[in-house]
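As structure tokens, the structure follows; a few thoughts come after it.
None of these values were measured; they are calculated from a predicted model.
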Amino acid sequence: MKKALFILAALLAMPVLASAQEASVQGRQTTIDGVRVPSGYQGHIEYSNVFFLEDSKTGMSISTTHGFFYSDNMFVGLGLGVLVAPEDSYVPVFASAKYIFQPYGKKVSPTIQMRMGSFFNDGAKPYLDGALGLRFASNHDFAFSILVGGSYLAPIEYCEWDYDRNGDYRVDVKRNLSCLSLRMGIEW
């Protein structure tokens, strides 16, 4: 219950902090030196190669995030994804915050991204994600990003049945899905 209240408080605080930053930035240009400065609505699609920490297996993830730039640097939105692990698939639903460090007239800018939410398979479990990388802006409403990230997905507990000469027996298993990832994304 405490985790749920913390997540809810963090989600409610993001728009307030972001709108306070927006108020301090007035009269901004939409392009500087031919490079678009982010503003307003943004959509984002991201593909990730995933490397699970527990068993060194690989997987993939596809996600989409939609939201708004509340200032030239700060994006806040909601997203949905699919994480394909070796044994199963999971669906994370999350709130996302992204900060671009140098959006003013720079074609290449460092960026940091945080996500917080839940993932679903046989019930909801906590999901937390962070990434660092570079954003490559274009002259139009388009940018490409490359990020390196890490995700925490709460361990999943399930049971497996095994058989021996005396019959069957139950084995309780805990699978850790925390992972590292290499991501490529586009935004418009």
| query | Can Y41 and W188 be said to form a side-chain contact (heavy atoms from CB on, under 4.5 Å), step by step? | reply | CA-CA 9 Å; Y41 166 80; W188 63 94; 4.0 Å; yes
| Heavy-atom distance under 4.5 Å between the side chains of S109 and F101, does that happen here? | no
| query | Side chain of T111, backbone of Y99: donor and acceptor closer than 3.5 Å? | reply | yes
| query | Looking at side-chain heavy atoms only, is the closest gap between L182 and V148 below 4.5 Å? | reply | yes
| Would you call Q113 and F75 a side-chain contact if the rule is heavy atoms closer than 4.5 Å? | no
| Could you walk me through whether F119 and I156 pass the side-chain contact (heavy atoms from CB on, under 4.5 Å) check? | CA-CA 11 Å; F119 71 98; I156 294 179; 3.8 Å; yes
| task | Among Q42, E46, R115, find the residue that satisfies the side-chain contact (heavy atoms from CB on, under 4.5 Å) test when tested with T65. | result | R115
| query | Would Y152 and L53 show up in the same hydrophobic cluster when neighbours are defined by side-chain heavy atoms closer than 4.5 Å? | reply | no
| message | Using the rule that Ile, Leu, Val, Met, Phe, Trp and Tyr join whenever any side-chain heavy atoms are under 4.5 Å apart, tell me whether L180 and L83 fall into a single cluster. | response | no
| request: Tell me whether I62 is reachable from F51 by hopping between hydrophobic residues (I, L, V, M, F, W, Y) whose side-chain heavy atoms are closer than 4.5 Å. | output: no
| request: Examine I146 and M60 and state if one hydrophobic cluster contains both, with Ile, Leu, Val, Met, Phe, Trp and Tyr joined whenever side-chain heavy atoms are less than 4.5 Å apart. | output: yes
| message | Please check: side-chain N/O of T58 versus main-chain N/O of V50, any donor-acceptor pairing under 3.5 Å? | response | no
| query | Does S63 reach the side chain of R183, with side-chain heavy atoms less than 4.5 Å apart? | reply | no
